[in-house]
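Naming convention: chains lettered A, B, ... in sequence-line order (proteins, then strands); numbering from 1 in each chain. Every value quoted in this text rests on a predicted model; they were computed, and no experiment measured them.
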Amino acid sequence: MFVSHSLEQKHQATAHLATTMSFLQLANAELEARLLTALDQNPALELVEELRCPECGRRLRKLPCPSCAAPREDDMPVVYLSPREPTYGRADDDDEREWRLEAEAPERLDEYILRQIGPALTPVERPIAAYLLARLDEDGLLPEAAAEAAAFQRARLSDVERVLALIQHADPPGVGARSPQESLLIQLECLAESAEPTARTIIELAGLIVRDHFQALGKMEYAHIARVLRRPLPRVEEAARFIQRNLTPYPALAAWGEGRKARAQVMSDSTLRRADVNISVLNRGNTNSLMVEVFTPLSGWLRVSPEFKAALAKCAEADREKWSQAVTEANLVAKCVQQRNHTMRRLMQIIAAEQRAFILGGDGDLLPFTRAHIAKTLGLHESTISRAVAGKCAALPDGRIVPLAKFFDRSLSVRDRVRLIIVGETRPLTDDQIVEELARQGVHVARRTVAKYRKMLGLLPATMRARRARARRVQVR
DNA sequence: CTATGGCACGGATT
DNA sequence: AATCCGTGCCATAG
């Protein structure tokens, strides 16, 4: 009886310990939920009024207010906890890519498409859709003919075709096509539906070219195409440009790359992320040191209610046990939140100091940086850093919302350089030539690696790229 | 012969 | 211990 009781108590304690220990890996939204239930269930836990900066009115954890205080001289970023409502923002497109790559599993694409077409499916069509979606290759193409699928599934051809048509008109435009060529045609079809009348003619011409002169298009034989179609050369070139800029032979890759124009409208709410920390530039005097706000979910701070503690001393014997447990539990929660805040602050300070260039600049300025490195300088275990970083987002001074994991991307800056080189090229550079160019910039990677990055970026090989230097996505700034 | 993509291995990271 | 990532080697397409 005695033993089992203490065991039970111990078990409960460790259970609570386990849950509170994991506070670190929770993002703000989740932590808020946890704390609210804790406040609700535990009478010993108390939320103390927030403070405000007398000068700027900003909500604060403690005085003085860092944004009003003098900037630090050692150029270390100021980090403080802010109970202010977190900033929301549209995730910057590169992050979208991050997330997609992390969860790259093809079935994600399946699910995404299935969600769109699901409601339109009859019970007969459902298994057909599941089958077809499972057969999509990594580019989002479906190598087999509808008839084959029908035979394999022992379904009616007309049913298969209907489902296929649904898939092909679902969001990443062009998925489910049998070949890149067919995919392009489907994408054109989708574009034509929403296009302005003025754009119709160019789309029409593009369609002709893709359908009848696909090979020639790949080889950039525009003069030849123009002659056969009896259209002026500039028009053909314009159409080719249109194809290059708006279509992709790899619809699945387009889902996070080029396709975001269309996607942004569809997924407006899911691209809106809530930041867990905010990094801004403090312009005071000539210094522009960084300021980091680590958002805390509740405005105010947690502690064990002194009244409750006082009451505990003179309460009835019967209740004492229960109440004192509530007190220890409350203590634990408060401690853990404190611990979490402390870790987050130190972590963000290091990150902000180390990746200052990236925060103020762009992807190309990201320095190679590992969690292990931080763990060492902070004297924490690597897994602690992993948990702290996992699933959290930072708002950068220029409005980007990036996952903290991005600060640890070893290859991002190189990928960005590859992108810039290709975007700025005057003639198509082969992967080997890109390797040379990178070496000139002091970055040494293998040719094979460049090829991989190029594919990640959704860029075509040199032999299939137009020589014209085009501003691919600079327009979006 | 050159440029790329596929497979797979080893080492670093988590 | 599991996973990710860069890279080397080889096959293939042009």
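Contact check on E30(A) versus R34(A) returns no salt bridge, with no Lys/Arg side-chain nitrogen under 4.0 Å from an Asp/Glu carboxylate oxygen. Between K406(A) and D409(A) there is no salt bridge, since none of the side-chain N atoms of the basic residue sits less than 4.0 Å from a carboxylate O of the acidic one.
Residue I422(A) contributes atom CD1, which lies 13 Å from atom C1' of dT4(B) at whole-angstrom precision. Whole-Å rounding puts the L460(A) CG to dT4(B) P distance at 11 Å. The CG-C1' distance, from L459(A) to dA3(B), rounds to 16 Å in whole Å. Distance CE (M456(A)) to C1' (dG6(B)): 15 Å, rounded to an integer number of Å. The distance from atom NE2 of H444(A) to atom C1' of dT7(C) is 16 Å, rounded to the nearest whole Å. Note: CD1 (I434(A)) to P (dT2(B)) measures 18 Å, nearest angstrom.
Evaluation of atom-type donor-acceptor distances gives no pair under 3.5 Å for the side chain of R447(A) against the base of dG8(C).
The side-chain contact (heavy atoms from CB on, under 4.5 Å) check on R346(A) picks up H342(A), L378(A), L380(A), with sequence neighbours excluded.
Using a distance-only test at 3.5 Å, with no hydrogens or angles considered, a donor-acceptor pair links the side chain of Q181(A) to the main chain of R211(A). Side chain of R340(A) to backbone of L26(A): a donor-acceptor contact under 3.5 angstrom is found.
The nearest pair of heavy atoms linking A394(A) to L404(A) is CB-CD2, 3.7 Å.
A close approach under 4.0 Å does occur between a side-chain nitrogen or oxygen of T449(A) and OP1 or OP2 of dT7(C). In terms of phosphate contacts, Y453(A) brings a side-chain nitrogen or oxygen within less than 4.0 Å of OP1 or OP2 of dG6(C).
Backbone-only engagement by S411(A) is indicated by non-hydrogen atom pairs under 4.0 Å involving sugar-phosphate atoms exclusively. At a threshold of 4.0 angstrom between heavy atoms, the contacts of T430(A) are confined to the sugar-phosphate backbone, with no base atom among them.
Atom NZ of residue K392(A) and atom CZ of residue R387(A) lie 10.5 Å apart, to the nearest 0.5 angstrom.
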Whether each nucleotide of nucleotides 7-14 of chain B has a protein heavy atom under 4.0 Å at its base (B), only at its sugar-phosphate (S) or at neither (-) is summarised, 5' to 3', as BB----SB
